[in-house]
Amino acid sequence: KILLFILMTLLKCVQAQPAADSITEKKIKVEMLTVEDGLSQGNITSIVQDKNGFMWFGTKDGLNKYDGYNFTVYVHDEKKPFSIAKNHITNLLADKRGFLWVFYLDGSIDVFNSETDKAFHIQNTLLKNEVSWQHAFLDANENLFLYSGHGFLKVTLIGKPEFAESDFKLKVVELTDFLPKKINDTNRVYFFISSKNEMYLSYRDSIFVYPNADVSKPNKIKRFSNKTFSQVKPSDNLHEGFEFFAAEDTIHHRLILIGY
């Protein structure tokens, strides 16, 4: 059973909503894009939009950029050291600087410069040779966080990867020891970053809040459980492993919790 809880925790004010009869119906144009339009493969695994408005599609057979009219396809080429590392893409993240973080099936990661069309390959040894990242996300300061059942890493890109590997370096910080000790089922861990750059970690019946996405300061961490929310009345048949998923409604300034 799904329970939806909307909590007025981020701001106390609620924006006024327009009356139903004042809303004008608008028609939305829907256009289907397929391999016939230039898409490299029909199984799309991830979609992001970069700072310039271009749409990027990760597929099982290459990286695709769409400018509103045409696709540009990027694939691995052994003869080109700055081509993408693999073709089977599992996830994409776009940061505010215009870089794409490209994740592959084998756990490897590229930093792709969309201005120079060059992919810079991150050595797996820097990332504990992990082969499967369950969660990958960016905070407001463009730090990349990577979580798996084997560890939790913070990756900071220093410099600007443009034309050569020497243009930048990566700072990798191990954060695993700062995670709640109670975590023993990694499939039940979820993250998101709020508009205030707070990191929310939800696990089973608890939510941990880290100000400024800094997990290294235990005295700053806030923990909430389902017992904290007095207005929440789960059904009597709710199983013992009650879990929360957290998200943010930035339009109405509300924290949305979904528990089951």
Requested in this report: State whether the number of non-hydrogen atoms from other residues, nucleotides or ligands found under 6.0 Å of Lys60 atom NZ is greater than 12.
Outcome: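 Incorrect, the count does not exceed 12.
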State the [atom1]-[atom2] distance between [X] and [Y], to the nearest 0.5 angstrom.
X      : Y      : atom1 : atom2 : answer
Leu201 : Phe145 : CG    : CZ    : 11.5 Å
Glu115 : Lys51  : CD    : NZ    : 5.5 Å
Tyr190 : His135 : OH    : NE2   : 7.0 Å
Asn212 : Lys217 : CG    : NZ    : 8.0 Å
Gln134 : His150 : CD    : NE2   : 9.0 Å
Lys222 : Glu198 : NZ    : CD    : 7.0 Å

Pair [X] + [Y]: ring centers closer than 6.0 Å:
X      : Y      : result
Phe99  : Phe112 : no
Tyr210 : Phe178 : no
Phe120 : Phe168 : yes

Counting distance only, does the side-chain N/O of [X] pair as donor-acceptor with the main-chain N or O of [Y] below 3.5 Å?
X      : Y      : value
Asn91  : Phe103 : no
Glu142 : Leu157 : no
Asn52  : Phe54  : no
Asn87  : His76  : yes

[X] and [Y]: same hydrophobic cluster, using ILVMFWY side-chain contacts below 4.5 Å?
X      : Y      : result
Tyr104 : Ile47  : no
Leu63  : Met55  : no
Tyr74  : Val111 : no
Phe137 : Leu100 : no
Trp56  : Leu33  : no

Is any side-chain heavy atom of [X] closer than 4.5 Å to a side-chain heavy atom of [Y]?
X      : Y      : value
Leu170 : Val155 : yes
Leu175 : Leu153 : no
Leu138 : Trp101 : yes
Phe82  : Thr116 : no
Lys65  : Ser114 : no
Val48  : Leu93  : no
Ile84  : Val102 : no
Ile44  : Leu39  : yes

If I compare all heavy atoms of [X] with all of [Y], which pair ends up nearest, and what's the gap?
X      : Y      : result
Asp110 : Ser83  : OD2-O, 4.5 Å
Ser40  : Val73  : CB-CG1, 3.6 Å
Ser202 : Ile207 : CB-CG1, 4.1 Å
Asn64  : Gly38  : OD1-O, 4.1 Å
Leu146 : Ala136 : CD2-CB, 3.8 Å
Gly58  : Ile89  : CA-CG2, 3.9 Å

Report task. Determine the interplanar angle of the Phe192 and Tyr200 rings, folded into 0 to 90°, and report it as parallel if under 30°, tilted if 30 to 60°, perpendicular if over 60°. Result ->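 Rings of Phe192 and Tyr200: parallel, as their planes differ by under 30°.
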Report task. For the pair Phe152 and Phe191, name the ring-plane relationship: parallel under 30°, tilted 30 to 60°, perpendicular over 60°. Result ->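 Because their plane-to-plane angle is under 30°, the rings of Phe152 and Phe191 count as parallel.
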Report task. With Asn143 as reference, evaluate Thr156, Asn197, Asp214 under the side-chain hydrogen bond (donor to acceptor under 3.5 Å, both in side chains) test and give the passing residue. Result ->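 Passing option: Thr156.
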